[in-house]
Amino acid sequence: EPEVTQTPSHQVTQMGQEVILRCVPISNHLYFYWYRQILGQKVEFLVSFYNNEISEKSEIFDDQFSVERPDGSNFTLKIRSTKLEDSAMYFCASSEGAGRYQPQHFGDGTRLSIL
Amino acid sequence: AQKITQTQPGMFVQEKEAVTLDCTYDTSDPSYGLFWYKQPSSGEMIFLIYQGSYDQQNATEGRYSLNFQKARKSANLVISASQLGDSAMYFCAMREDTDKLIFGTGTRLQVFP
C-alpha cells in the first residue's frame, strides 16, 4: 500500500541551527500538510500546501517556518534558528483531495530534538 | 470549548473482547468529517476509519467500526475482537471547512492476554 515517507526518523540539532525535514507524499496525492506533536500533547496543525503554495497555516507557523516542494516528489519543512520548544514529533501528511471527508495519510514522523 | 473531547485517558481490554473508545465533538458546521487514528508506541500515525456528517450508515473497516450518533455529537470507535497489537494511543479528529484536522487528546488502549 502506498505510504508517506519521512526522513530522517530522528534529528538532533543545536539550538539556533536550521533544520530541514523531508517528506515524500503518496504519489497521486495533491494536498500536503505538516503537523507537530509535542511530547505528551495533542497533534497540532502547522500548514497545508497545494499547487505550490501555502493554502492555510496556523498561528504556530510563523516566519521561523517555511515549506517547499523542490521537485515533483519531495515536500520539505524548514525551521530556521531552532529553539528548545521546537522539540517535537513532526508529521507530514497527504491527501488525494481537499474535501473535508478526505482522509489525510500520515508518515511515520521525524522526532526533532533541540539541544 | 474543546472541539474534540476524548474523556478516557486510558482503557484496558482483554484479548478477543470488544472495546469502545469515546469521542464527542463540537461544531456548528453542518458538513464535517470525523476520523480515527492509531499511534503505536513507535510513534507513527495510522489512519483507521472516517465518517462523513451526511453519511447515513456507520462506517466500518475490518475490525473497526464507528458508532456515529449525530444528535449527540459523538463518534465512538468500536474495535471488535481485540488483539495484542491493538495496544496504542487512539486519536479522534475532525475536519470542518478548513484544511486542518483537529485532534483530541487521545485514549491509551492496553490489550492484555
Side-chain angles (χ1 to χ4, degrees), chain A residues 1-6 8-10 23 26 29-51 53-61 67 88-113, chain B residues 2-7 9-10 23 25 27-57 59 61-62 64 66 68 75 77 88-108:
Chain A
E1 186 172 323
E3 57 183 29
V4 176
T5 306
Q6 288 187 244
S9 56
H10 193 187
C23 169
I26 295 173
H29 286 189
L30 301 176
Y31 297 83
F32 315 123
Y33 314 85
W34 284 101
Y35 289 80
R36 80 173 183 191
Q37 184 183 30
I38 295 171
L39 189 62
Q41 297 188 22
K42 283 192 216 184
V43 179
E44 303 172 289
F45 171 78
L46 293 177
V47 67
S48 58
F49 190 87
Y50 169 69
N51 201 25
E53 59 183 35
I54 291 173
S55 52
E56 186 179 335
K57 60 182 181 178
S58 71
E59 57 275 9
I60 302 168
F61 194 88
V67 288
M89 179 77 102
Y90 287 81
F91 290 104
C92 174
S94 68
S95 65
E96 195 171 349
R100 63 196 78 186
Y101 301 155
Q102 287 280 341
Q104 294 178 17
H105 295 270
F106 284 65
D108 288 352
T110 293
R111 187 171 299 283
L112 179 62
S113 301
Chain B
Q2 295 289 329
K3 287 274 191 176
I4 295 286
T5 302
Q6 295 180 254
T7 56
C23 173
Y25 58 91
T27 182
S28 56
D29 193 333
S31 179
Y32 50 89
L34 295 158
F35 304 83
W36 277 92
Y37 288 84
K38 172 184 177 182
Q39 187 177 41
S41 56
S42 46
E44 65 269 32
M45 192 72 73
I46 302 165
F47 165 69
L48 295 177
I49 193 169
Y50 85 97
Q51 179 88 39
S53 58
Y54 292 121
D55 291 343
Q56 297 295 316
Q57 302 218 346
E61 194 69 50
Y64 304 110
L66 207 154
F68 180 46
L77 176 71
M89 280 289 284
Y90 288 81
F91 291 96
C92 179
M94 176 173 68
R95 183 170 175 179
E96 300 168 300
D97 188 23
T98 69
D99 291 345
K100 68 181 178 187
L101 283 172
I102 303 165
F103 283 81
T105 51
T107 295
R108 182 171 299 283

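Side chains included, hydrogens not; waters and symmetry mates left out as well; all remaining heavy atoms used.
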Discussion item. Does any backbone or side-chain atom of Q39(B) lie under 4.5 Å from a heavy atom of chain A? Answer side chain, backbone, both or neither.
Written reply: side chain

Item to complete: Please report the shortest heavy-atom distance between F35(B) and P103(A), naming the atom on each side.
Response: CE2-CA, 3.6 Å

Response to the item:
Heavy-atom nearest pair, H105(A) first then F47(B), reads CE1-CD2, 3.8 Å

Worksheet item: Contact part of Y37(B) toward chain A, heavy-atom cut-off under 4.5 Å: side chain, backbone, both or neither?
Response: side chain

Worksheet item: Are there more than 12 heavy atoms of other residues, nucleotides or ligands under 6.0 Å from atom OH of Y50(B)?
Response: no

Discussion item. To the nearest 0.5 Å, what is the distance between CG on L101(B) and CZ on R100(A)?
Written reply: 12.5 Å

Item to complete: Measure distances from E44(A) to the heavy atoms of chain B and classify the residue's part below 4.5 Å as side chain, backbone, both or neither.
Response: neither

Worksheet item: At a heavy-atom separation under 4.5 Å, does D29(B) approach chain A through its side chain, its backbone, both, or neither?
Response: side chain

Worksheet, complete the sentence: For Y101(A) and S31(B), the nearest pair of non-hydrogen atoms, with its separation, is OH-OG, 3.2 Å

Item to complete: Mark yes when over 12 heavy atoms from residues, nucleotides or ligands other than K38(B) sit less than 6.0 Å from its NZ; otherwise mark no.
Response: yes

Practice prompt. For the residue pair K42(A) and I4(B), establish whether any side-chain heavy-atom pair is separated by less than 4.5 Å.
Written response: no

Item to complete: For chain A, find which of D55(B), T98(B), I102(B) contributes the most heavy-atom pairs closer than 4.5 angstrom.
Response: T98(B)

Discussion item. If I take atom CE from residue M89(A) and atom CE from residue M45(B), how far apart are they, to the nearest 0.5 angstrom?
Written reply: 8.5 Å

Worksheet, complete the sentence: Bottom line for Y35(A): the part with an atom under 4.5 Å from chain B's heavy atoms is side chain

Worksheet item: CD of E44(B) to CZ of F91(A): how many Å apart, nearest 0.5 Å?
Response: 8.0 Å

Practice prompt. Can you measure from CG (D99(B)) to CD (Q102(A)) and round to the nearest 0.5 angstrom?
Written response: 11.5 Å

